[in-house]
Amino acid sequence: DLLQEMDIAFLPKSVGGAWFTRMYEGGIEVYAAESGSTSFQSGPSAGDAAAQNRCVQDAVAGGVEVIAVCPFSPEQIDADLGKAREDGIIVISNEGSTLVNIDYDIEAFKNADFGAMAADKMAQGMGEEGEIIVFVGSLASTAHVGWAQAIVDRMTEAYPNIAVANEGGVFIETGNNAANSYEKAKEALKAYPNAKACFCPSSTDTPSIALAIQEAGLTNQITYVAVGLPNATRTYIEDGSIDVLMSWDPGEVAQAMCRAAAAVKTGRELKTGDDLGVFGFNSIIVEDKVITGTEWRMITAENVGEYNY
Amino acid sequence: MKTTTKRLLRRIDRKTVQLLLLAVVLFVVMIILKGDKFLRAKNIESMLFQLVEPGLFAMCIGLAYLSKGIDLSVVTIANLVGVVNGIMLRTCLAPDGSNVGMLLALCVVIAVGVGLTCGIINAFFISNIGIFPILVTLGTQNLFMGIAMMLTQGRAEGNFPQPLMDFGNAMVGPIPLLTLLFLLLYALMCVVVHRTPYGRKLQWMGSNSKVTWYTGINNRRITYVTYILSGLLAALAGLVIMARTNSAKADYGSTYVFQALLTCVLAGISPLGGTGKYYNLILSIITIQITSTGFNLLRISPLIRDSIFGILLVLSIFIDYVSQTQRTRRLNRAAIRQLQQAGEKEAVE
Amino acid sequence: MKTNVRRIALKSEVLSLLLIVLLCIAFSIANPAFFHIINILDLLKVCSYPTIFACGVMIVLISGGLDMSFMWIGMFSAYSTSKMLSLLQVGQGIVMPLPVIFAISTCIGALLGSFNALLVSKFRLPVFIATLSSANIFMGVMFQFIGSEYIFPAQMPVRMIEFSKTLLFTTQSADGTPVGLHASVLVAAGVCLVVHFIMRYTLVGRSVYCIGGDEAAAERVGFSRTRTRLFIFMLAGAIAGLAGIVGVSNIQVANPYDFQNRELTVTAAVVIGGTRITGGSGSVIGVVLGVILTNIISQNLVLIGVQPEYSKFVFGILVLFAATVQGLQTKLRNRK
Amino acid sequence: MAEHILELRNISKAFSGNRVLNNVDLIIDPGEIVCLCGENGSGKSTLIKIISGVYTFDAGEVTINGRCYHRLSARQSIAEGIQVIYQDFSVFTNLSVAENIAMNYRVHNKKRFISDRFNRELARSALAQTGVDLPLDAMVEQLSVAEKQIVAISRAICQDVRLIIMDEPTTAITQKEIEKLFEIIRGLKRKGIAVMFVSHKLDEVMAICDRIVIIRNGVMVVDSQAQDFPREKLVFFMTGKEIEEEGFHYAGEETEAKPLLQVEGLSLAGAFTDVSFSVRPGEILAVTGQLGSGRTELAESLFGLRPATSGTIYIDGVETPIRSCRDALDNRIAYLPEDRLSEGLMLRRSLGDNFSSAVIDKLTNRLGLVSEKRVEELSVRWMTDLKMSPKHYTTLASDFSGGNQQRIVLGKWLASEPRIFVLNCPTVGVDVKSKSEIHAIIRDLAAQGLAIVLMSDDVGEIMASSNRVLIMQGGRVVFENDTEKVSESELNDRIIGAYREEAVK
Ligand SMILES: Nc1ncnc2c1ncn2[C@@H]1O[C@H](COP(=O)(O)OP(=O)(O)OP(=O)(O)O)[C@@H](O)[C@H]1O
Ligand SMILES: Nc1ncnc2c1ncn2[C@@H]1O[C@H](COP(=O)(O)OP(=O)(O)OP(=O)(O)O)[C@@H](O)[C@H]1O
Ligand SMILES: [Mg+2]
Ligand SMILES: [Mg+2]
């Protein structure tokens, strides 16, 4: 009953990139094919809250049943999502747990758990002491900042000998842009020569930071834990520039979004422990409007061959 | 009777006709392709809402263009206004909301202050130091955004008081209040540009600053007024963004700058200064809005949608070119014919 | 003697050089690591492809126009080349040699440049407007008909990956990693030399200055407007195509969005390097200095301890500062 | 018979419906000096641009050196040995003197690679021919107008040239330099090079040319050997009517009117020093001197464009500092700049805009908005007052001929109802008819009680339209007298500094 025929608008932060393309093609379209729904995607080519808002407004005005949205800047899209809800449109978000005007928000997992796991992996790799560099794709991204903050919290809590390199400052923003993140990473690696580990939550930026580490000859010195897609980072995982890739299939998350929307449409209330029928969401946690999955994949040189997305 | 129509026709700009035609054609095409959705009250309302922000920015850039300058800093001025106001509201708002009215008034004051200051900074570097506007505003764009970043550490300010939201979403009949205010402001700016001494001088300075200098017109003052007006309009856009999105952030609307540049060019306002009619701006804003919403409704791939500006521009340029060459060719042919006739007559005599 | 000193002091290249020296001193006081050889080499690498882009921008700027399309030309050429070759490589196992890859991208760039030339010389559009619209069109065409997804290291043409790993004059650093001059720096230097030669010592190069100085006068001397424009935009396009492929090789990923919104930064560098924004004057040396100057500023803020959220602010201040110094210098020069 | 260099047959040309040339025939032989005369807008420049391949012609054919062209490009024209010195010189201000001079040669001879040494040698030899010494490495933008002209001439003669065309070469340079130019032209003639030149200065025309060609409204009306041509008929053929210039007589001598404008010890660092004079209402004070004598700077100081560094200005006997244009305008001072195209006229804007630009602040209605009606009235009034060909007030200024454009600039200032009017070379490049009309206007203004300061090079103009004359040299006033008391030749000699008292005795 989680397969309903609906008209779905998928509104990513930006169109075209590997991540959101996977979400749409490997998730929304898959669901649409299974359920007989119609779907389209619409979004800016550059990450910009204003441009995304306009896509929301057009989708609302044109009339759709479901909006599946990955907000670029949650605070700034909320008002427009409110209008969608007033119109009776079902709104499901991803990585937008702070949103108010939604039916459900889908999170692949708990930010704190995810961050803690990343912190553990980093600590393990660096012998539980030294400095770490924490990047974020954009300071505006709740998820990125959430994970980064969770790492810091976990470090202060469990690993007193580990410190964040750019003390006192905020996380280093890499801009969700490969060229920019490459330059930023190079700069950061030089500025903090004592760094022993780093973390990157932006799938766009993960490979180019890996390249910067590799070129600086730090492949073995630095424990690099990152978020990304295995296909995009395969070479770096294999040569050890990326030590641990924390990954989940965006397509599966998108499918979970559609299924949650179907539940709303049929009037079924989702409860903790329900099964959405997608990997990672077989036993969901529901808190208020936030649906959290439970699993992600830890990809290393050993198991990278098993994944293809 | 006939002469008055003729005179009226003479005063209508060619660009106006072209843009009107373009807008009407696009409108009709949309109705044919997707009339049910396009004509929905909801959609029209949404379009009216949407054109306010880019419209305001286009108004800023249009002014700068007329003066043979450019103002790349407008969007960051708007965000700076939003951020400063956001911080002010966050810190000053009483828990019971008793001082909302005063604070909202203060928001306006802050907006005016920020817009004025930013405009003066731009004008100072352009006029007193003599740097090219594009360089100056590129610098101040970074500067203003940097200040907003420093104030917020890149985070969004949000959760503004309800009256502001109500204002942002209010309707006057079928028309959003903000759109109505925007149109009024636009009409006012048209009057300023086309009918006040300042507006005339602005266009003259844009077309030839040396001549205005030799005419005793104070170029420096015109430059100041222009960039201050631009800053103030941008500051208003900042308030609009606050009211519409219930938030403010240092990097909101980075795509607006290019959109505004293109809107002005489509309206025939040349970045090379002096030429173009400010009143055409609204037509260009509407044309772009119809196209952008239309493409969304038609579910045309978002990937190609970004190039609509380019396509519209090249289209309008092409129409311009063809009509121009046709006209010249026709006139030349007529002149030659006249010449030959005159020759024949002489021969007869 | 005195006038000579004055003349040299008023050259914009000298000024950029002076600013660079000042900045270097300031930065190395803030963090001695600034002058580390690795940092210098990295700076050169990071500057390599922007410098190539900047050469193209300079040519168009000298001819009297602001080019807004070069980044998209670069991306279009580099992306379509990488994509095509990646398909060939994955599907057919064909591995193209590096010069061919560069040549393909360069040719695509030149072709796109000729579209600009058409708009400017046939429709007589100001360069700024023409390139603003063509940039939009290139972007749409690329996304729709060529692709918009990333091409990742594993799919990239292997010769490009190899190129990105090529270091010259390598030595070992203290911890055993190879240190050297990146090959892309050599490409950039080559482009600079060629462009310098063309602009300084060939008739067609001088015709660019003529057109930028006075278009009507250039025509009266006998330069063909159409042909010169075609030359300008094809050369600038070709350079952008080359810059794009070098840039993409450097980071081993072809991401079609990467160069977005960088036009103005590069243009600012070119203008700071002394190219007159109204056309007719500019030199490659100045452009190189301008690019290095802006990159020193933007690439080393973290190094000297400026927090990331201050970087925009500092960059803005420095652009205004450099421009102010130049503005005052121009005033002095005009006063004679 | 020797081959003609140039033969035009039935050339016609129209610009967007305006026919500018109508079946023009013209033949030029080697070593001839041909002078092309005509009113402003009669089509002289257009004819020249057709010969040089800049404009295409609509009908007819051009034969150069025996080769017949139905379409001619600039390159072909240069290749045939035709060089043009344009009205605006068309030099590249952003390039060095040497490069400018060598440019034509390079393009024409397809020298694809540039060598500085070659440029300089070529430039040096070309400059040697003109007998002027210029710094080869200087940027042309730093040169004076006359020097720019030398560059243009050197550029033209530095290669195999058979015909040199000069479009109003003498407008920007003073008498001394004109003499030099004529010497160059005669030198060219001796080498068998033909020269065609355009000028509005009739004395010059008669002094140098072998043949005289007159164009009126795009139609060739005279083509005759100079010695056969009755000089007094020249004006008649150009304009179609006789023109009488009457002299100017200041009527106020007896009334002892107080000076309206009085200047004492005025100085501007680097431009002029210790200039004193006074002008009474109704007077026309002519200020003359060679280029660089500080004349233009003085004018600009009076208008507040470049405020003087010391000295005092009295208006109506009251000390009035003029520190900005605003001050000047407040005191009803108007200034007609030297170069109408770049300083006086907004070419791409309408007549109404141009007429109203100095007084726009006053043309408002009760709401403070510009009243379009008043702009139109103003334009129509000045169009009629200045006897311009009537056009709609929205017509672009660029659509008017040179003489009418100058009247637009005059009208712009007259609209501000000035009491003191500073005119800087108001009739440069203006044809005889318009010139006499402008003179009449100026005299008329004086008669209405304006104080007029007239900067001019044109001795004839000074004689005819001023009652006192002041000569500047190196920034100082070296001579002042009533116009009636000096002869034309004395004035001429004094300007170039060749006048010696004892010689007269
Ligand atoms: N040649 C010119 N053409 C057009 N406008 C000019 C010209 N020269 C100056 N202006 C304008 O006139 C105003 C005042 O110019 P001015 O020459 O007094 O500047 P300045 O002397 O450099 O000023 P400051 O001494 O304050 O630096 C400025 O707005 C300037 O842009
Ligand atoms: N490019 C053009 N487009 C339209 N009209 C033009 C153009 N060039 C010249 N004209 C018109 O052609 C006529 C002849 O102009 P031309 O410049 O040949 O006159 P001229 O005899 O050289 O005058 P002057 O003595 O002022 O230099 C004028 O009416 C002018 O307005
Ligand atoms: Mg490692
Ligand atoms: Mg002429």
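Letters go in sequence order (proteins before strands), and every chain restarts at 1.
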Bottom line for D:Ser416: the part with an atom under 4.5 Å from chain B's heavy atoms is neither
Given side chains that start at C-beta, do those of B:Leu181 and B:Leu177 come closer than 4.5 Å, heavy atoms only?
yes
Interface moiety of D:Thr364 toward chain B, non-hydrogen atoms closer than 4.5 Å:
side chain
Output for pair (D:Asn424 CG, D:Glu338 CD), nearest 0.5 Å, gives 4.5 Å
Partner chain B: residue of D:Leu345, D:Asp353, D:Asn365, D:Asp361 with the largest heavy-atom pair count (under 4.5 Å)
D:Asp353
Of the backbone (N, CA, C, O) and the side chain (C-beta and beyond), which part of D:Val20 lies under 4.5 Å from a heavy atom of chain B, both, or neither?
neither
Begin from the C-alpha positions of D:Leu21 and D:Phe57 and carry the test side chain to side chain contact (heavy atoms under 4.5 Å, CB included) through to its verdict.
CA-CA 9 Å; D:Leu21 291 178; D:Phe57 40 94; over 6 Å; no
Check each atom of D:Leu329 against the heavy atoms of chain B and say whether the ones under 4.5 Å are side chain, backbone, both or neither.
side chain
side-chain contact (heavy atoms from CB on, under 4.5 Å) partners of D:Val221, counting only residues at least two apart:
D:Ile214, D:Arg216
Portion of D:Ala358 that has a non-hydrogen atom of chain B nearer than 4.5 angstrom:
both
So which residue, B:Val191, B:Val192, B:Thr275, B:Thr215, ends up with the most heavy-atom pairs under 4.5 Å with chain D?
B:Thr215
Taking the side chain as C-beta and beyond, is there a heavy-atom pair between D:Asp339 and B:Lys210 under 4.5 Å?
no
Below 4.5 Å, heavy atoms only, C-beta onward: do D:Met383 and D:Ile408 meet side chain to side chain?
no
Given D:Arg348, D:Lys412, D:Arg349, the one with more heavy-atom pairs under 4.5 angstrom with chain B than any other is D:Arg349
